[in-house]
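Working notes, beginning with the structure itself.
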Amino acid sequence: MADLQTPLVRPKRKKVLVDYLVQFRWILVIFVVLPASALIYFNIYLGDMWSAMKSEKKRQKEHEDNVQKVVKRLKQRNPKKDGLVCTARKPWIAVGMRNVDYKRVRHFEVDLSAFRNILEIDAERMVAKVEPLVNMGQISRATCPMNLSLAVVAELDDLTVGGLINGYGIEGSSHIYGLFSDTVVALEIVLADGRVVRATKDNEYSDLFSGVPWSQGTLGFLVSAEIKLIPIKEYMRLTYTPVKGPLKEVAQAYADAVAPRDGDPAKVPDFVEGMVYSATEGVMMTGVYASKEEAKKKGNKINSVGWWFKPWFYQHAQTALKRGEFVEYIPTREYYHRHTRCLYWEGKLILPFGDQFWFRFLFGWLMPPKVSLLKATQGDAIRNYYHDNHVIQDMLVPLYKVGDALEFVHHEMEVYPLWLCPHRLFKLPVKTMIYPEPGFEHQQRQGDTSYAQMFTDVGVYYTPACIFRGEEFDGAESVKRLEQWLIENHSYQPQYAVTELNEKDFWRMFDASHYEHCRHKYGAVGTFMSVYYKSKKGRKSEKEVQEAEAAILEPAYADEA
Ligand SMILES: NC(=O)C1=CN([C@@H]2O[C@H](COP(=O)(O)OP(=O)(O)OC[C@H]3O[C@@H](n4cnc5c(N)ncnc54)[C@H](OP(=O)(O)O)[C@@H]3O)[C@@H](O)[C@H]2O)C=CC1
Ligand SMILES: C=C(/C=C/[C@@H](C)[C@H]1CC[C@H]2C3=CC=C4C[C@@H](O)CC[C@]4(C)[C@H]3CC[C@]12C)C(C)C
């Protein structure tokens with residue numbers, strides 16, 4: 001590996017047209033994207049209300065009818081002439097960064113757009129039964145007033161249950177509950193042959209149940225999911241702790257926030273996240289649910305971060321570096337969606353003055369722009385700019401390697417702020433696409449238990465410092481090095497991000513064995529696309545499409561070189 005101490009020497013870069021398109025994108029965003037987003041959000045809100053007003057029985061009946069439509073549509077497919085199967089969701093609607101090129105060539109679409117209802121919130125079983133297009137904003141709006149919540153509420157309102165289960169989802173509670181898919185109790189799936197099955201962790205479809213996460217919809221169609229609920233309180237008591245020192249010390253302070261060194265489980269917070277603002281500064285945040293009685297006690301500070309005029313959350317947290325440690329109470333639902341209004345900090349690049357008081361006060365209620373509309377209006381030039389001159393990547397790394405990961409990112413990309421979010425990776429009876437390091441349980445490292453290894457999502461989103469300095473940056477090469485670092489360090493890259501991996505390296509990062517077992521056992525081969533075919537970057541040629549369609553009984557991983 002390259003010497004991480006020596007800074008990369010980069011040649012100067014000339015500004016080109018697309019730099020100005022990105023710089024002045026705010027004009028399009030203010031006059032078109034924001035108003036259109038507000039209208040769409042309002043429309044979706046009305047749709048959610050309409051859905052909530054239907055009786056449970058009616059929703060269940062509609063669900064059953066819609067499942068039959070999926071079965072019928074699958075049966076209409078002629079394997080000799082139609083392409084491989086995927087959902088009919090438009091590429092630009094999905095939240096991820098991939099170009100979804102497989103939907104731009106021959107394919108066979110199945111429309112799941114009717115599956116947007118919360119079917120049941122069962123406060124006795126503590127389970128919510130929802131359809132795959134139910135999104136995070138919709139579900140937290142329904143459960144929070146009942147003092148209930150999904151155990152892992154992924155941050156952005158538009159993220160869907162289907163995308164989070166077939167991909168990955170994470171939040172500051174994942175150090176307790178694992179990834180979004182770990183909180184699922186049962187999956188209702190339509191298989192390639194039209195069978196509708198209910199898979200749980202211990203029934204006859206338990207292999208399918210554990211195969212679905214990270215499979216990107218390549219084993220079957222998810223038509224509903226039962227997801228674990230937890231009891232919550234009205235407020236989050238949040239402590240902001242500043243840390244100053246080299247990156248390794250910042251990483252250690254973060255690890256101490258996730259898993260207190262004395263190992264006392266009573267000290268493990270309900271929520272943890274870290275923000276790293278520079279090579280020497282970070283703020284760790286630990287949250288504990290609190291009742292409204294506690295929050296409203298004299299002397300306590302309540303901060304309703306959800307109001308449109310409030311400072312952007314990451315900037316508010318940064319004030320701890322000057323103020324020192326402080327504590328405040330945030331209404332729980334507003335806390336869950338704290339990074340939504342400014343799209344973490346990506347909003348700063350899209351609307352450079354969006355964080356100013358005058359803008360927040362006058363227009364903050366229009367935020368955030370819908371990711372789908374940003375994608376629909378970005379054109380190839382801005383999309384490629386984001387691939388070449390920007391970074392939107394996550395690194396899921398073992399907790400004890402966070403310091404190394406931070407140093408790698410600093411040397412390779414110098415992107416700040418960075419997001420740190422812990423998550424458990426459970427040891428399962430089978431080896432799924434992602435799995436803990438073999439033998440981790442004997443090492444007794446901070447945060448690990450006998451049944452799960454503690455990992456961390458290092459979120460790397462923003463423009464690298466060298467671009468701001470007017471130097472060259474090669475996004476694709478940088479991502480390639482990041483991916484190699486991940487493979488060498490038993491770490492993972494979520495598939496919503498753009499990948500440069502070839503097939504062989506893809507299957508070095510992820511384990512193919514259980515996935516392949518499920519693909520064959522459940523007849524997905526020859527009907528559903530393979531996960532690598534879906535993930536691979538770049539426009540697909542007719543030859544690639546034909547090869548994918550012909551790959552009936554071949555293993556997904558490429559030959560050893
Ligand atoms: N906080 C967080 O956890 C965040 C997570 N993300 C990422 O965003 C993604 C979610 O975005 P979202 O727009 O909701 O999802 P997408 O529409 O992007 O779906 C993601 C994948 O899941 C498949 N999929 C979705 N629904 C179904 C279904 N019902 N049955 C079978 N397959 C399905 C899609 O298949 P197809 O290609 O056929 O449509 C696609 O391959 C997650 O995967 C996650 O990685 C992004 C930001 C934050
Ligand atoms: C993975 C997480 C969060 C990730 C977000 C920060 C990114 C997820 C999708 C990203 C975006 C999608 C498309 C875009 C259109 C472009 O024209 C501009 C950028 C962007 C809005 C981009 C911005 C970052 C994301 C929202 C969690 C786990 C923290």
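Hydrogens, waters and symmetry mates play no part in the numbers below; they use all other heavy atoms, side chains included. Note that ligands are numbered from 1 as they come in the structure, with each ligand's atoms numbered from 1 the same way. Here, residue 1 is the first one in the sequence, and each next residue gets the next number.
- Distances between N or O atoms of Gly96 and those of ligand 1 include no value under 3.5 Å.
- At a heavy-atom distance under 4.0 Å, only side-chain atoms of Arg98, from C-beta outward, approach ligand 1.
- Counted by atom type alone, Tyr522 and Asp193 present zero donor-acceptor pairs between their side chains at under 3.5 Å.
- For atom 1 (N) of ligand 1, the nearest protein heavy atom (residue, atom name, distance) is Ile170 O, 3.4 Å.
- Close N/O approach between Thr160 and ligand 1 is found [any backbone or side-chain N/O within under 3.5 Å].
- Summary of contacts: the protein heavy atom closest to atom 3 (C) of ligand 2 is Tyr461 OH, 3.6 Å.
- Using a 4.0 Å cut-off between a side-chain N of Lys or Arg and a carboxylate O of Asp or Glu, Arg338 and Glu155 qualify as a salt bridge.
- No part of Ile93 comes within 4.0 Å of ligand 1, judged by heavy-atom distances.
- Nearest protein neighbour of atom 14 (C) of ligand 2, counting heavy atoms only, is Met97 SD, 4.0 Å.
- Between Pro494 and ligand 1, not a single N/O pair is under 3.5 Å apart.
- Between the side chains of Tyr336 and Ser149, at least one donor N or O lies within less than 3.5 Å of an accepting N or O.
- Looking at Val95 next to ligand 1, an N or O pair under 3.5 Å apart turns up.
- Protein non-hydrogen atoms do not reach within 4.0 Å of atom 25 (C) of ligand 2.
- Residue contacts with ligand 1 include Lys103, since one or more of its heavy atoms lies under 4.0 Å from the ligand.
- Taking the six-membered ring for Trp, Phe115 and His63 have ring centres closer than 6.0 Å.
- Protein heavy atom at the shortest distance from atom 8 (C) of ligand 2 is Tyr496 CE1, 3.7 Å.
- Comparing heavy-atom distances from atom 21 (C) of ligand 1 across Gln216, Glu188, Met136, Met97 singles out Gln216 as nearest.
- Of the protein's non-hydrogen atoms, Val95 O, 3.2 Å is the one closest to atom 9 (C) of ligand 2.
- The pair Arg141-Asp48 meets the salt-bridge criterion, since a charged nitrogen lies less than 4.0 angstrom from a carboxylate oxygen.
- If you check which protein heavy atom lies closest to atom 5 (C) of ligand 2, you get Tyr344 CD1, 4.2 Å.
- Proximity of Gly220 to ligand 1 is established by a heavy-atom distance of less than 4.0 Å.
- From the protein, the heavy atom lying nearest to atom 5 (C) of ligand 1 is Tyr168 O, 3.7 Å.
- Salt bridge Lys370/Asp158: present, at least one basic N to carboxylate O contact under 4.0 Å.
- When Val223, Val110, Asn166, Leu164 are checked for heavy-atom proximity to atom 33 (C) of ligand 1, Asn166 turns out nearest.
- Under 4.0 Å from ligand 1, not a single heavy atom of Gln495 appears.
- Inspection of the Ser491 and Asn489 side chains reveals no N or O donor paired with an N or O acceptor under 3.5 Å.
- A salt bridge between Arg198 and Glu226 is present, with a side-chain N of the basic residue lying under 4.0 Å from a carboxylate O of the acidic one.
- Residue Tyr386 holds the heavy atom nearest to atom 18 (C) of ligand 2 of all those in Trp92, Trp419, Tyr386, Tyr385.
- Contact annotation for Arg89 and ligand 1: only side-chain heavy atoms (C-beta onward) come within less than 4.0 Å of the ligand.
- For atom 23 (C) of ligand 2, the closest non-hydrogen atom on the protein side is Glu346 CG, 3.4 Å.
- In this model, a donor atom of one side chain and an acceptor atom of the other lie less than 3.5 Å apart for His390 and Glu346.
- Residue contacts with ligand 1, taken as heavy atom pairs separated by less than 4.0 Å, involve Tyr102 solely via side-chain atoms from C-beta onward.
- Only side-chain heavy atoms of Arg25 come within less than 4.0 Å of ligand 2; its backbone N, CA, C and O stay farther off.
- The protein atom (non-hydrogen) at minimum distance from atom 7 (C) of ligand 2 is Ile392 CG2, 4.1 Å.
- Between Tyr168 and Asp457, the side chains place a donor N or O and an acceptor N or O closer than 3.5 Å (distance only, hydrogens not considered).
- Among all protein heavy atoms, the one lying closest to atom 17 (O) of ligand 2 is Gln378 OE1, 2.5 Å.
- Using a 4.0 Å cut-off between charged nitrogen and carboxylate oxygen, Asp101 and Arg539 count as a salt-bridge pair.
- Of the candidates Glu547, Glu503, Glu544, Lys536 forms a salt bridge (charged side-chain N to carboxylate O under 4.0 Å, His left out) with just one, namely Glu544.
- A salt bridge links Lys348 to Asp355: at least one charged side-chain nitrogen sits closer than 4.0 Å to a carboxylate oxygen.
- Arg104 and Pro91 make their closest contact through NH2-CB, 3.4 Å (heavy atoms, listed as atom of the first residue, atom of the second, distance).
- With 3.5 Å as the limit, one finds no donor-acceptor pair spanning the side chains of Gln68 and Glu64.
- With contacts defined as side-chain heavy-atom distances shorter than 4.5 Å, the pair Phe426/Tyr435 does not qualify.
- In terms of polar-atom proximity, defined here as any N/O pair under 3.5 Å, Ala94 makes no such contact with ligand 1.
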